[in-house]
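Atoms within each ligand, like the ligands themselves, are counted from 1 in listed order.
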Amino acid sequence: MSDRVAVDARIVSALRAARRVVILTGAGVSAESGVPTFRDKQTGLWETFDAAELATPHAFQRDPSLVWGWYEWRRATVLGAKPNSAHRAIATMEKLVPHFTLITQNVDDLHERAGSTGVLHLHGQLSRPYCEVCHHSYDHPEGIPDLPQGGARIEPPRCGACGAMIRPGVVWFGEHLPDVAWRSACEAAKHCDVFFCCGTSSVVQPAASLTDMAIRAGATTIQINPNATDYDGSVTVAIQGPAGIVLPRIVAETWRSA
Ligand code: BV8
Ligand code: ZN
């Protein structure tokens, strides 16, 4: 998408008139920071595994050190990464609209590191491990975990209170989303003027259904994704391009005097 292409006027006028703006992000927003998406082929020790297979309670029961090792490898990748221009544009937009809600499926903290506040993490956060039995929450040791190239099996640490295994602070397939975050996300999607779904394949439920809620609410809905999804034909505007290019341009064009 060459940078001379003007931003669709419907987006600029809708954003300038908007009181309530919502953005739903997925792994594609962190792709330009070098964080693999769920679509990307796994590498190293996890080459033979599908991400959705590893992100289940069953996988953790079956092979805890494989799954804990995978999450430590992902955490090391995220700690070594930096927010990109998409994360920064979203943090800027938050300051320019009256009511802004950022909903993410990502378990990384790149939105927060770019300056976003009140981020609704529908699928949890790598930085919030907790005991799988007594739910006592823990912090990871400081620094980037020193892992062998390609990752390794790592025994999950044990809970100091009850001795059970500590698990990653994420929502696995088959597990319910955090209630407060999910309710707030639904409220925001049902009462917004402009809704972006950005960097998501819009496959995983119930997160993907937020776009349906915004469409039903009559919001201006905008998809940003270099590839097609099931929503191409149902959103107001589907922009086929990388978020790191498209979002800064939308902010610049809409609030150029800002
Ligand atoms: C649940 C945390 C209630 C862990 C994740 C209804 C129908 C069918 C199935 C279901 C249904 N309801 C529930 C289900 C089951 C399941 C589900 O949705 N399955 C799918 C596979 C069909 N949902 C659940 O299990 C949910 N829980 O429903 O609980 C319940 C309970 C008991 C019994 C029944 C019901 C929990 C789902 C959450 C799972 N945890 N993550 C971890 O991270 O390890 S999901 C995880 O995968 C991510 O968080 C994210 O949600 C998803 C990956 O999607 P994306 O983020 O979109 O990433 P993806 O790689 O797919 O795509 C990247 C996109 O970016 C691409 O489109 C690409 O083109 C684009 N892109 C690339 N580069 C760029 C870019 N875009 C912009 N710029 C770029 N530069
Ligand atoms: Zn415990």
Quick one: pull up OG1 in T221 and CZ in F195 and give me the separation to the nearest 0.5 Å.
-> 8.5 Å
Should the heavy atoms of other residues, nucleotides or ligands under 6.0 Å from CZ of R183 be counted, would the total exceed 12?
-> no
Check ligand 1 against A55 and write out every atom of the ligand that is under 4.0 Å from a heavy-atom position of the residue.
-> 44 (O)
Considering only heavy atoms, which of N106, L126, V204, N225 lies nearest to atom 66 (C) of ligand 1?
-> N225
Flag the pair D139 and R128 as a salt bridge only when some basic side-chain nitrogen lies within less than 4.0 angstrom of an acidic carboxylate oxygen.
-> no
Judged by atom type as modelled, is there a donor-acceptor pair below 3.5 Å linking the side chain of T236 to the main-chain atoms of T220?
-> no
Of the protein's non-hydrogen atoms, which lies at the shortest distance from atom 11 (C) of ligand 1, and what is that distance?
-> Q205 CB, 3.6 Å
Heavy atoms of the protein only: does one fall short of 4.0 Å from atom 5 (C) of ligand 1?
-> yes
Does the pair L210 and I103 meet the rule for a side-chain contact (heavy atoms from CB on, under 4.5 Å), with working shown?
-> CA-CA 10 Å; L210 291 165; I103 306 164; 4.1 Å; yes
Decide whether a cation-pi geometry holds between R75 and W73; the criteria are a distance under 6.0 Å from NZ or CZ to the six-membered ring centre and an angle within 45° of the ring axis.
-> no
Taking every non-hydrogen atom, the tightest pair across A189 and V22 = N-CG2, 4.4 Å
Going by the order shown, which atoms of ligand 1 are within less than 4.0 Å of some heavy atom of Y71?
-> 4 (C), 42 (C), 44 (O)
Looking only at protein heavy atoms, which one is nearest to atom 56 (O) of ligand 1, and how far off is it?
-> A27 N, 2.8 Å
Counting only heavy atoms on the protein side, is anything nearer than 4.0 Å to atom 26 (C) of ligand 1?
-> yes
Residue portion contacting ligand 1 (non-hydrogen atoms closer than 4.0 Å) for E175 | backbone
If hydrogens are left out, which of A208, G241, G199 has an atom nearest to atom 64 (C) of ligand 1, that is, the closest non-hydrogen atom?
-> G199
Select the closest option to atom 77 (C) of ligand 1 among P226, S209, A52, judged by heavy-atom distance.
-> P226
Return yes if a side-chain donor-acceptor contact under 3.5 Å exists between T25 and T104, otherwise no.
-> yes
Decide whether the shortest distance between a heavy atom of T229 and an atom of ligand 1 is less than 4.0 Å.
-> no
Measuring from the heavy atoms of G174, does anything fall under 4.0 Å of ligand 1?
-> yes
Mind running side-chain contact (heavy atoms from CB on, under 4.5 Å) on I222 and I239 for me, showing each step along the way?
-> CA-CA 7 Å; I222 303 144; I239 304 175; 4.1 Å; yes
Could you check atom 16 (C) of ligand 1 against the protein and tell me its nearest heavy-atom contact, residue, atom and distance included?
-> F173 CD2, 3.9 Å
Atom 61 (O) of ligand 1: of C198, G244, S201, P206, the nearest heavy atom sits on S201
Among all protein non-hydrogen atoms, which one is nearest to atom 2 (C) of ligand 1, and what is the separation to 0.1 Å?
-> V171 O, 3.2 Å
Determine, counting only non-hydrogen atoms of the protein, whether one lies under 4.0 angstrom from atom 39 (C) of ligand 1.
-> yes
Report the angle formed at the Zn ion (ligand 2) by atom SG of C131 and atom SG of C159, rounding to the nearest 10°.
-> 110°
For residues Q223 and D232, is any side-chain donor paired with an opposing acceptor at under 3.5 Å?
-> yes
Atom 59 (P) of ligand 1: which protein heavy atom is closest, and how many Å away?
-> R39 NE, 3.5 Å
Side-chain donor or acceptor of N106 paired with backbone N/O of D108 under 3.5 Å = no
All heavy atoms of P242 vs all of E32, minimum pair found to be CB-OE2, 3.7 Å
State, without any angle test, whether E112 and H121 hold a side-chain donor-acceptor pair at a distance under 3.5 Å.
-> yes
Atom 68 (C) of ligand 1 touched by protein heavy atom at under 4.0 Å = yes
Please say whether A31 places an N or O atom under 3.5 Å from an N or O atom belonging to ligand 1.
-> no
Please state which protein non-hydrogen atom is closest to atom 43 (O) of ligand 1 and give its distance, to 0.1 Å?
-> R74 NH2, 2.9 Å
min-distance protein heavy atom vs atom 30 (C) of ligand 1 -> H176 CE1, 3.9 Å
Per atom 72 (C) of ligand 1, closest listed option by heavy atom (G26, P242, G28) | G28
By number and element, which atoms of ligand 1 are closer than 4.0 Å to a non-hydrogen atom of E32?
-> 78 (N), 79 (C), 80 (N)
So H87 and S30, side-chain contact (heavy atoms from CB on, under 4.5 Å) or not? Walk me through it.
-> CA-CA 8 Å; H87 296 109; S30 294; 3.4 Å; yes
Quick one: does ligand 1 sit under 4.0 Å from the side chain of Q105, the backbone, both or neither, non-hydrogen atoms only?
-> both
Going by the ring pair (Phe, Tyr, Trp, His ring centres under 6.0 Å) test, name the single residue among W68, W172, Y71 that passes it with F60.
-> W172
Between D212 and Y231: side-chain donor-acceptor atoms closer than 3.5 Å = yes
Ignoring hydrogens and angles, state whether a donor on the side chain of N84 or S33 is under 3.5 Å from an acceptor on the partner side chain.
-> yes
Looking only at non-hydrogen atoms, which of T200, I224, L122 approaches atom 57 (O) of ligand 1 most closely?
-> T200
Atom 14 (C) of ligand 1 within contact range, any protein heavy atom under 4.0 Å | no
Could you tell me whether atom 36 (C) of ligand 1 has a protein heavy atom closer than 4.0 Å?
-> yes
What protein heavy atom is closest to atom 78 (N) of ligand 1, reported as residue, atom name and distance in Å?
-> A243 N, 2.9 Å
